[in-house]
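First listed ligand is number 1; within each ligand, the first listed atom is number 1.
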Amino acid sequence: MDSTHFDCTSCGKCCTDLRLPLTFAEATRWIERGGQVDLLCEAIPWPAEPDASNAYAAYKRARTFAAMSGELPVRVGITLAATFSGPCPNLGADLRCGIYTERPLVCRIYPAEINPFYAMKPEFKLCPDEAWQAPTPFAVDGVLMQADTRDAIDASRRADEASVEMKRALCERLGLQHASVANEGFVVASPERERLLAALRDVQQDAREPAAQTVWTLVSNRRATVDTLIEVGARGTMDSDANREGCHYLGL
Ligand code: SF4
Ligand code: SF4
């Protein structure tokens, strides 16, 4: 039996220098509390529908919307992310969360993984060694032991799937049309807070179909990627050009 033991030591490391993925409702509340939310935009080239048995593709498909980049079909994924340097604005001097009962789902889930295709690996987590030496079993044979963590993961996945059309509508309202090539980096859009708040509220009330298909431009910091995109008829541009369009590129 393969078990992972873990107990949070409240060290606060996972509450510092973050881009914290949020649901629509969480992003709205985050801005209302005075926080900053960015949009991380990426696109997966999707020239043909993968086989129905491809579970990973199905997972990605359910969290992205179909779009075009020139002649190349893509699927665009948008992550709403609370962004802060240094401690989270909700982290107290005593390292306790000031919005504990209302904290985002992702804060309830860490250090577990939301993506079912990622295994939780202590070496990739910020938690100190002693957290992993606790007597409490956290996962046994890959199954999380705590029902509230499992529930939070389910809620996060459901919220992600349910918000795809709202994300498409949000991009249209904000005029976003640049995305990274998935797995290379992200295009980070940082709309002014009040404008983003208004757009978030707007699309939650009315996520109508877009009037016209946005044609997306794919951004990379790799010349070879941009050249390949252009060869296959996509719109591709180097990150230095995208930076001039009111967003910036974050390479992985
Ligand atoms: S909301 Fe709370 S738990 Fe989440 S990062 Fe901020 S302080 Fe930490
Ligand atoms: S880094 Fe790990 S141990 Fe530290 S507060 Fe976050 S979850 Fe708890």
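- No more than 12 heavy atoms of other residues, nucleotides or ligands lie within 6.0 Å of CG in Asn183, so this atom counts as exposed by the packing criterion.
- Residues Asp202 and Gln204 have side chains that never bring a donor and an acceptor to within less than 3.5 angstrom of each other.
- If you check which protein heavy atom lies closest to atom 8 (Fe) of ligand 2, you get Cys8 SG, 2.3 Å.
- Residue Gly12 approaches ligand 2 through these ligand atoms, each under 4.0 Å from one of its heavy atoms: 4 (Fe), 5 (S).
- Ion pairing of Glu26 with Arg29 is absent here, as no side-chain N (NZ or NE/NH1/NH2) approaches a carboxylate O to less than 4.0 Å.
- Between Ser85 and Asp17, the side chains place no donor N or O within less than 3.5 Å of an acceptor N or O (distance only, hydrogens not considered).
- One N or O on the side chain of Glu192 and one on the backbone of Arg195 form a donor-acceptor pair closer than 3.5 Å.
- There is a side-chain donor-acceptor pair under 3.5 Å between Thr225 and Glu184.
- Closest heavy-atom approach to atom 1 (S) of ligand 2 among the candidates Ala112, Pro128, Cys11: Cys11.
- The stretch residues 105-121 participates, sequence neighbours left out, in these salt bridge (charged side-chain N to carboxylate O under 4.0 Å, His left out) pairs: Glu113-Lys125.
- By the 6.0 Å and 45° rule, Arg63 stacks over the aromatic ring of Tyr59.
- In terms of modelled atom types and a separation under 3.5 Å, the side chain of Arg193 and the main chain of Gly35 share a donor-acceptor contact.
- When distances to atom 6 (Fe) of ligand 2 are checked against a cut-off of 2.8 Å, Cys127 contributes no N, O or S atom below that limit.
- Annotation for ligand 2: atoms under 4.0 Å from non-hydrogen atoms of Tyr110 are 7 (S).
- Around atom 6 (Fe) of ligand 1, protein N, O or S atoms at less than 2.8 Å comprise Cys88 SG.
- Shortest contact from atom 6 (Fe) of ligand 2 to any protein heavy atom: Cys14 SG, 2.3 Å.
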